[in-house]
A.B. asks: 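One structure, pasted below without further comment.
Both backbone and side-chain heavy atoms feed into the values below; hydrogens, waters and symmetry mates do not.
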Amino acid sequence: MRERNQTYLRKKNKEDIINLLRERSQSYSDLARALKLSNTAVGKIADALMADGLILRDGDTKGRSGINLRINARFGYVVAIDLSGRTLSLCAADMQGHILLRREISEVIGFEKSDLEKVIAVVREIAAAEEVSGLRLCCIGIASPGLIDSESGEFLLNPRFKNFKGMSLEKIFTQEFGCRTVVRNDINLAFEGEKVYGPYLKDVQNALMFHIDVGTGAAIMVNGKIYEGTHGFAGEIGYFKLNMFATDSDSFENLNYANYYDSISLYSSLSVVQRELLADPRCPFALQLAEENVSPWDLSIRRMIEAYRAGDSLTHRVLDASGRVIGTVANNLAEFMDIDVIMLSGAVVELGEEFLSVVAGCLGGRQVRFSSLMEDAPLMGAINKGLTQAFADNI
């Protein structure tokens, strides 16, 4: 039992040093203070990590005073894949998280087996690229929409991957490339990316992120870690039963609103804007669309956002009503969980500060921000997840 405890403590101390050095290079004394260990103890752990090739010393003077330790960027590399957008993003990153090269696969609306073959082909291209020459592929991190079984890696619910039932991306990529593969929900990884690489959440321990786009999702951070829930499905607010137009005297209650997918997405707002345009073809926005020869049924989310930012009254009424519901839901969850910071991501960011102020008005003084990494957030989260797994496997 004692030997088992000592093995655990050695591994835990190695993980702690790696995590501290991933933030920045540090001296032996810095690490000793942070971990409440002696310099001698830190020295022994660091020597073991250097022997494994995971960290390096800056300088080679006698003794350890004033010498910094850092992650060995060239220990290997990870590949990150973001499957959440129409444009699929892939990259390779060294062990310090620096992106070495990026690739994209454009215009993937559904996701067929031929698209999976394209992704595998691009990963092969990355693995053969000069930028990673001489480096070992340590892990592949994949950000994917939908509900994924955390143990098997199989899709449990995802309309985009409807032809992949019973298929595990983890198994496919592990067998294809001979390295560990981790697949996680894209919204959770986007939040992780914001926490690790964004400017707003560095010192935040408890926060919420709402992803508002064609669909909706959310992620929860508790004590600095992304909370995934018992089955990895925490944050699925898109399935809340809400009537977003019964929260204010906007006269939208008579629309008998119903949406089978979610209640606060931009797609939901778009459907109501379309109904209002059809009900009043002489309203300013309807007349403007007629001049552009655009039918209300052909109205896009992007065009709706443009109208909102231009000050159109109809889109303001609808989207501001949605913003109040988003703020109310966020406020209720934040009250329940004692959280002070809320982040919004997705196409909703394009609505700008005016929309953000609508949401903020329902948050009782809590801080609300738009995503800083934007569409790169899931990819950056996949990099971090890949690196975390790669270090864990090699300690």
A.B. asks: Which heavy atom in His211 sits nearest to a heavy atom in Gly346, and how many Å separate them?
C.D. replies: CE1-CA, 3.4 Å

A.B. asks: Heavy-atom distance under 4.5 Å between the side chains of Asn394 and Asp52, does that happen here?
C.D. replies: no

A.B. asks: Thinking salt bridges, do Asp58 and Arg70 make one under a 4.0 Å N-O criterion?
C.D. replies: yes

A.B. asks: Taking only Lys NZ, Arg NE, NH1 and NH2, and the carboxylate oxygens of Asp or Glu, determine whether Arg184 and Glu170 approach each other closer than 4.0 Å.
C.D. replies: yes

A.B. asks: Is there a path of hydrophobic side-chain contacts, each under 4.5 Å between heavy atoms of I/L/V/M/F/W/Y residues, joining Met343 to Met337?
C.D. replies: no

A.B. asks: Could you tell me whether Glu176 and Arg124 make a salt bridge, using a distance below 4.0 angstrom between a side-chain N and a carboxylate O?
C.D. replies: yes

A.B. asks: Are Phe336 and Val329 connected into the same hydrophobic cluster when the rule is that any two of I, L, V, M, F, W, Y join if their side-chain heavy atoms are below 4.5 Å apart?
C.D. replies: yes

A.B. asks: Distance check, rounded to the nearest 0.5 Å: Leu189 atom CG versus Ser84 atom OG?
C.D. replies: 9.5 Å

A.B. asks: When you check the gap from the basic side-chain N to the acidic O, do Lys12 and Asp16 get nearer than 4.0 Å?
C.D. replies: yes

A.B. asks: Out of curiosity, Glu194 CD to Arg369 CZ, how far, rounded to the nearest 0.5 Å?
C.D. replies: 11.0 Å

A.B. asks: Looking at OH of Tyr28 and CG of Asn39, how far apart are the two atoms once the value is rounded to the nearest 0.5 Å?
C.D. replies: 10.0 Å

A.B. asks: Donor-acceptor pair, Asp30 side chain versus Ser27 backbone, under 3.5 Å?
C.D. replies: yes

A.B. asks: With side chain to side chain contact (heavy atoms under 4.5 Å, CB included) as the test, pick out the partner of Cys179 among Val79, Leu137, Val78.
C.D. replies: Leu137

A.B. asks: Pairing donors with acceptors under 3.5 angstrom, does anything connect the side chains of Glu192 and Asn384?
C.D. replies: yes

A.B. asks: Around Lys225, counting heavy atoms of other residues, nucleotides and ligands shown, do more than 12 lie under 6.0 Å from its NZ?
C.D. replies: no

A.B. asks: Decide, yes or no, whether a salt bridge links Glu335 with Arg366 under the criterion of side-chain N to carboxylate O below 4.0 Å.
C.D. replies: yes

A.B. asks: Do the non-hydrogen side-chain atoms of Leu208 and Val341 ever get within less than 4.5 Å of each other?
C.D. replies: no

A.B. asks: Can you name the nearest heavy-atom pair linking Leu299 to Phe285, along with the distance?
C.D. replies: CD1-CZ, 3.9 Å

A.B. asks: Kindly indicate, with the supporting measurements, whether the criterion salt bridge (Lys or Arg N to Asp or Glu O under 4.0 Å) is fulfilled by Asp312 and Arg303.
C.D. replies: CA-CA 11 Å; Asp312 172 70; Arg303 184 66 184 86; over 6 Å; no

A.B. asks: Taking C-beta and beyond as the side chain, do Leu333 and Asn331 meet within less than 4.5 Å on heavy atoms?
C.D. replies: no

A.B. asks: Verify side chain to side chain contact (heavy atoms under 4.5 Å, CB included) between Ser269 and Val272, making sure each step is shown before the conclusion.
C.D. replies: CA-CA 5 Å; Ser269 298; Val272 177; 5.9 Å; no

A.B. asks: Sub-3.5 Å donor-acceptor pair from the side chain of Lys195 to the main-chain atoms of Leu201, do we have one?
C.D. replies: yes

A.B. asks: Between Cys139 and Val182, is any pair of side-chain heavy atoms under 4.5 Å apart?
C.D. replies: yes

A.B. asks: Taking atom types as modelled and ignoring hydrogens, do the side chains of Arg22 and Thr388 form a donor-acceptor contact shorter than 3.5 angstrom?
C.D. replies: yes

A.B. asks: Could you see if Leu379 belongs to whatever hydrophobic cluster contains Tyr197? Use Ile, Leu, Val, Met, Phe, Trp, Tyr and a side-chain cutoff under 4.5 Å.
C.D. replies: no

A.B. asks: Tell me yes or no: between the side chains of Arg57 and Asn68, is some donor less than 3.5 Å from an acceptor?
C.D. replies: no

A.B. asks: Can a donor-acceptor pair be found between the side chains of Ser268 and Ser265 at a distance below 3.5 Å?
C.D. replies: yes

A.B. asks: Which distance, rounded to the nearest 0.5 Å, do you find between the OG1 of Thr174 and the CZ of Arg180?
C.D. replies: 8.0 Å

A.B. asks: State, to 0.1 Å, how close Ala127 and Val132 come at their nearest heavy-atom pair, and which atoms those are.
C.D. replies: O-CG2, 3.7 Å

A.B. asks: Under 30°, 30 to 60°, or over 60°: which ring-plane class applies to His316 and Tyr308, parallel, tilted or perpendicular?
C.D. replies: parallel

A.B. asks: Could you check whether any side-chain N or O of Asn13 sits under 3.5 Å from a backbone N or O of Leu9, counting only pairs where one atom can act as donor and the other as acceptor?
C.D. replies: yes

A.B. asks: To the nearest 0.5 Å, tell me how far Tyr77 OH sits from Ser133 OG.
C.D. replies: 10.0 Å

A.B. asks: Starting at CG of Asp186, measure out to CD1 of Ile142 and round the result to the nearest 0.5 Å.
C.D. replies: 12.5 Å

A.B. asks: Which pair of non-hydrogen atoms, one from Leu69 and one from Leu21, has the smallest distance, and what is that distance?
C.D. replies: O-CD2, 3.3 Å

A.B. asks: Is it true that Asp320 and Arg317 make a salt bridge, defined as a side-chain N closer than 4.0 Å to a carboxylate O?
C.D. replies: no

A.B. asks: Show the nearest heavy-atom pair for residues Met95 and Ile71, with the distance to one decimal.
C.D. replies: O-CG2, 3.5 Å

A.B. asks: According to a hydrophobic-cluster definition based on side-chain heavy atoms being under 4.5 Å apart (Ile, Leu, Val, Met, Phe, Trp, Tyr only), do Tyr227 and Val204 belong together?
C.D. replies: no

A.B. asks: Checking side-chain polar atoms at under 3.5 Å, does Asn19 have a donor or acceptor matched by the opposite partner on Glu23?
C.D. replies: no

A.B. asks: With the side chain counted from C-beta on, respond yes when Leu319 and Met304 share a heavy-atom pair under 4.5 Å apart, and no when they do not.
C.D. replies: yes

A.B. asks: May I ask you to test the Met209-Ser345 pair for a side-chain heavy-atom distance under 4.5 Å?
C.D. replies: yes

A.B. asks: Establish whether Phe210 and Ile187 are linked, either directly or via other cluster members, by ILVMFWY side-chain heavy-atom contacts under 4.5 Å.
C.D. replies: no

A.B. asks: So does Val222 get a backbone contact from the side chain of Gln205, meaning a donor-acceptor N/O pair under 3.5 Å?
C.D. replies: no

A.B. asks: Could you give me the CA-CA distance, side-chain angles and deciding distance for Glu350 and Arg302, then say whether salt bridge (Lys or Arg N to Asp or Glu O under 4.0 Å) is met?
C.D. replies: CA-CA 9 Å; Glu350 298 175 32; Arg302 185 162 299 280; 2.8 Å; yes

A.B. asks: If only atom types and distance count, is the side chain of Asn72 paired as donor or acceptor with the main-chain N or O of Gly53 below 3.5 Å?
C.D. replies: yes

A.B. asks: Which heavy atom of Phe355 sits nearest to which heavy atom of Val348, and what is that distance?
C.D. replies: CE2-CG2, 3.3 Å

A.B. asks: Tell me, with the steps shown, if Leu169 and Phe173 meet side chain to side chain contact (heavy atoms under 4.5 Å, CB included).
C.D. replies: CA-CA 6 Å; Leu169 292 181; Phe173 280 85; 4.2 Å; yes

A.B. asks: Are Tyr200 and Leu373 packed together at the side-chain level, in the sense that at least one heavy-atom pair is separated by less than 4.5 angstrom?
C.D. replies: no

A.B. asks: Given 3.5 Å as the limit, does a donor-acceptor pair link the side chain of Thr328 with the main chain of Arg324, or not?
C.D. replies: yes

A.B. asks: Checking side chain to side chain contact (heavy atoms under 4.5 Å, CB included) for the pair Arg74/Leu135: CA distance, chi angles, key distance, verdict?
C.D. replies: CA-CA 7 Å; Arg74 295 190 61 79; Leu135 302 182; 3.6 Å; yes

A.B. asks: Is there a side-chain contact between Asp340 and Asn206 in this structure, where contact means two heavy atoms from C-beta onward sitting under 4.5 Å apart?
C.D. replies: no

A.B. asks: Would you say that more than 12 heavy atoms from the other residues, nucleotides or ligands in this model lie under 6.0 Å from the CD of Glu130, or not?
C.D. replies: no

A.B. asks: Going through the distances and angles, do Thr315 and Val318 end up as a side chain to side chain contact (heavy atoms under 4.5 Å, CB included)?
C.D. replies: CA-CA 5 Å; Thr315 53; Val318 174; 5.9 Å; no

